[in-house]
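All remarks here apply to the structure that follows.
On a predicted model such as this, the values are computed, not experimentally measured, just so you know.
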Amino acid sequence: MATDPNVVAKQFTDFYYQTFSSGRQNLGTLYREHSMLTFEGAPIQGDKAIVEKLTNLPFQKVQHKVTTIDAQPSSPTVASLLVSVTGLLLVDDSPNPLQFSQVFQLIPDGASYYVFNDIFRLNYA
């Protein structure tokens with residue numbers, strides 16, 4: 001398992017957004033029963049409920065163009081991380097990208113990490 005927070009954050013976000021684009025239903029392995037997603041202010045708890053929310057979003061195609069990734073250790077005793085992402089969201093065939101921000105708290109799980117907290121917001125100008 002990589003120990004540099006920035007390396008872990010980059011690897012995680014690459015995997016997360018590629019999986020989101022190719023098959024949102026496959027994101028369930030990244031969440032646990034006690035994981036929480038706050039999507040545009042609405043809290044959703046549990047891996048099954050989170051995947052249901054993500055797979056039922058009202059678009060078919062989506063591409064995340066990440067602009068920034070910032071990462072920090074989030075505990076002095078556990079190798080958990082806070083990861084903050086900003087970028088552009090290209091939905092279906094719309095020529096107008098949407099700005100988004102997303103924050104993940106990643107908790108170590110064996111040789112990998114799972115998402116304990118996930119906060120997603122569209123940023124309107």
Using every non-hydrogen atom in the two residues, find where [X] and [Y] come nearest and quote the distance to one decimal.
X	Y	answer
S35	I50	O-CD1, 3.9 Å
R32	T29	NH1-O, 2.9 Å
V78	P108	CG1-CG, 3.5 Å
P97	L88	CB-CB, 4.0 Å
D47	G28	CB-O, 4.1 Å
D92	Q60	OD1-N, 2.8 Å

Quick one: does [X]'s side chain get under 4.5 Å of [Y]'s, heavy atoms only?
X	Y	value
F15	L30	yes
Q45	Y31	no
K61	V91	no
T38	F120	no
V51	R24	no
F116	L106	no
D70	V83	no
Q102	D118	yes

Subject >> Parallel, tilted or perpendicular, as decided by the 30° and 60° cut-offs, for the rings of H34 and Y114 >> reply: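 The rings of Y114 and H34 stand perpendicular, inter-plane angle above 60°.
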**OP:** Indicate, with yes or no, if the rings of H64 and Y16 have centres closer together than 6.0 Å.
**Re:**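 No, too far apart.
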**OP:** Assert yes or no for the condition that the ring centre distance of Y113 to F12 is strictly below 6.0 Å.
**Re:**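 Judged by ring-centre distance (under 6.0 Å), Y113 and F12 do not meet the cut-off.
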Given 3.5 Å as the limit, does a donor-acceptor pair link the side chain of [X] with the main chain of [Y], or not?
X	Y	answer
S21	Q18	no
T55	E52	yes
S75	S80	no

**OP:** Decide side chain to side chain contact (heavy atoms under 4.5 Å, CB included) for F100 and T86; before the verdict, give the C-alpha distance in whole Å, the side-chain angles of both, and the deciding distance to 0.1 Å.
**Re:** CA-CA 6 Å; F100 78 94; T86 63; over 6 Å; no
Shared hydrophobic cluster, [X] / [Y] (ILVMFWY, side-chain heavy atoms < 4.5 Å):
X	Y	result
Y124	L90	no
F39	L27	yes
L89	L54	yes
L98	V103	no
V66	I119	no

Original post:
When you look at CD of E40, are more than 12 heavy atoms from neighbouring residues, nucleotides or ligands closer to it than 6.0 Å?
Top reply: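 Buried by this count: over 12 neighbours within 6.0 Å.
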